[in-house]
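The structure appears below as structure tokens.
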Amino acid sequence: MPDSRLTIDLNALAANHATLRGMAGGAAVAPVVKADGYGLGAAAVARRLHAEGARTFYVARISEGEALRTALGKLPAEILVLDGAVADAVARLKAAALTPVLNSPEQVELWRVQGEGGAAALHVDTGMNRLGLTLEQAELAARGGLRLSWVMSHLACADEPANPMNARQLGAFRQARALFRDVRASLANSAGVFLGPDYAFEMVRPGISLYGGGPQGRPDPRLQVVATLEAPILQVRDVSPGETVGYGATFTAAEPLRVGILSAGYADGVLRAGSSRSFAALGGRRAPVIGRVSMDLIAVDVTGMDARPGDLAQMFGPDAPIDEVAAASDTLAYELLVRLAPRLQRRYIGA
Ligand SMILES: *Cc1c(COP(=O)(O)O)cnc(C)c1O
């Protein structure tokens with residue numbers, strides 16, 4: 001009986017990287033590998049994408065940047081830290097040669113004083129109101145003689161191409177980048193790449209679509225499946241009408257059922273929100289989850305299917321698109337990936 005396992009196809013990752021590069025015109029593709037490469041292993045992901053030509057990487061935390069610098073060793077790479085330069089971390093940024101994304105006038109000032117002329121990126125807010133300087137603050141910073149490698153902003157609604165917010169942010173970003181004439185610019189995340197070349201500037205920053213997630217929360221035929229989560233069937237049992245399945249007895253069989261018990265649960269990262277709503281795939285067919293997802297086990301309806309103990313069911317993968325499984329669990333592919341648990345066996349194809 002195999003353990004439940006996660007397969008990460010680095011060849012598919014490389015193919016998605018090439019696809020995004022093609023869509024971004026001449027812009028560089030800077031992979032976002034925060035949250036351990038969206039749960040798939042930042043070291044393996046970044047090494048493979050470095051071999052594919054990527055030279056700039058984004059992480060969220062300084063600790064992620066330090067780990068990535070170690071993983072890349074002597075390979076030349078610029079590592080940008082989205083959290084930026086926080087007061088007690090300047091020495092750590094410098095020690096690991098990390099480039100902070102300066103998010104506020106205070107961070108700009110701190111880096112001016114303590115950064116010793118090291119490169120930084122500047123984050124300008126164009127409407128999301130999360131991180132970044134306002135246009136007025138950016139104007140002040142532009143006069144201060146800061147050495148910048150990038151000016152960037154982040155789109156709030158790129159997954160909704162018709163949302164007027166996109167054009168508004170694009171307009172504001174053009175104003176912001178005009179303040180920094182010789183500095184290269186970056187605006188687009190994955191969904192931003194799919195908005196077209198106007199949004200690409202000199203660098204795009206895809207995360208989810210490198211890992212196979214569609215730019216609009218739906219499967220996109222241009223992207224290949226990178227992550228496959230499989231769980232073996234431990235047991236197949238007959239359930240009679242009127243009987244219930246699982247904790248809380250929340251599911252009652254209305255007719256005679258064959259039920260497959262899968263060796264996966266929320267301790268593996270399968271979200272409990274998928275209880276009685278999500279599905280697994282068996283031999284290309286969909287087996288609905290019935291009853292509650294528990295810590296180690298999930299029950300699926302395999303009535304009429306060829307299902308035996310030891311057979312592997314896909315919790316997501318080629319037959320169970322991650323965007324659809326996420327939607328059936330009331331979340332996004334992002335969350336399914338970053339919640340993948342340490343207990344899962346991991347194997348890489350194409351390392
Ligand atoms: C996470 C993040 C990205 C990547 O977003 P995806 O939607 O996964 O492509 C890009 N830019 C910033 C600032 C981010 O925080």
Side-chain angles (χ1 to χ4, degrees), residues 13 16-17 19-21 23-24 27-40 42 45-46 49 54 56-62 64-65 68 78-84 98-104 107 120-133 149-161 163 165-166 169-170 172-173 176-177 184-196 199-220 222-223 226-227 322-323 326 331-340:
L13 174 81
N16 292 341
H17 180 254
T19 297
L20 291 163
R21 196 158 51 186
M23 296 180 72
V29 175
V32 178
V33 297
K34 61 195 180 190
D36 197 25
Y38 288 47
L40 301 182
V45 162
L49 292 177
T56 301
F57 297 87
Y58 278 86
V59 295
R61 309 276 182 254
I62 292 173
E64 293 176 338
L68 183 60
E78 180 184 26
I79 301 174
L80 289 120
V81 178
L82 289 165
D83 278 357
L98 305 175
T99 304
V101 177
L102 305 175
N103 289 310
S104 65
Q107 290 199 355
L122 190 75
H123 191 156
V124 180
D125 178 58
T126 51
M128 194 170 191
N129 271 309
R130 216 171 50 164
L131 294 174
L133 281 73
S149 54
W150 302 99
V151 57
M152 59 166 276
S153 190
H154 194 43
L155 296 165
C157 305
D159 57 335
E160 303 166 22
N163 194 314
M165 184 83 173
N166 295 317
Q169 287 196 266
L170 179 61
F173 188 59
R177 77 127 348 148
R184 295 164 298 168
S186 175
L187 178 62
N189 62 342
S190 299
V193 178
F194 287 77
L195 291 179
Y199 288 81
F201 294 90
E202 281 79 40
M203 178 171 72
V204 297
R205 310 185 306 268
I208 194 71
S209 290
L210 285 170
Y211 309 111
Q216 293 165 32
R218 294 192 295 274
D220 187 295
R222 289 166 285 191
L223 299 170
V226 175
I322 189 163
D323 289 298
T331 187
L332 308 171
Y334 299 75
E335 192 182 8
L336 290 194
L337 290 176
V338 301
R339 290 200 184 278
L340 291 166

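Each ligand, and each atom within it, is numbered from 1 in the order the structure gives.
- With sequence neighbours left out, Y199 forms a ring pair (Phe, Tyr, Trp, His ring centres under 6.0 Å) with no residue at all.
- D220 places no side-chain N or O within donor-acceptor distance of the main-chain N or O of G213, the cut-off being under 3.5 Å.
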Could you go through ligand 1 and note, for every N or O atom, any protein N or O atom closer than 3.5 angstrom, writing the atom names and distance to 0.1 Å, or 'none'?
| residue | atom | partner | partner atom | Å |
| --- | --- | --- | --- | --- |
| ligand 1 | 7 (O) | N189 | ND2 | 3.2 |
| ligand 1 | 7 (O) | Y334 | OH | 2.6 |
| ligand 1 | 8 (O) | Y38 | OH | 2.5 |
| ligand 1 | 8 (O) | I208 | N | 2.8 |
| ligand 1 | 9 (O) | S190 | N | 2.8 |
| ligand 1 | 9 (O) | S190 | OG | 2.5 |
| ligand 1 | 9 (O) | G207 | N | 2.8 |
| ligand 1 | 11 (N) | H154 | ND1 | 3.4 |
| ligand 1 | 11 (N) | R205 | NE | 3.0 |
| ligand 1 | 11 (N) | R205 | NH2 | 3.3 |
| ligand 1 | 15 (O) | K34 | NZ | 2.7 |

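- Judged purely by atom type and a 3.5 angstrom limit, T126 has no side-chain atom pairing as donor or acceptor with the backbone of A172.
- A donor-acceptor distance shorter than 3.5 angstrom exists from the side chain of N103 to the backbone of L82, with no hydrogens or angles considered.
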Side-chain donor/acceptor pairs under 3.5 Å, residues 32-39, sequence neighbours excluded:
| residue | atom | partner | partner atom | Å |
| --- | --- | --- | --- | --- |
| D36 | OD1 | A42 | N | 2.8 |

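- A search for side-chain contact (heavy atoms from CB on, under 4.5 Å) contacts involving S190 returns P206, I208, S209, not counting sequence neighbours.
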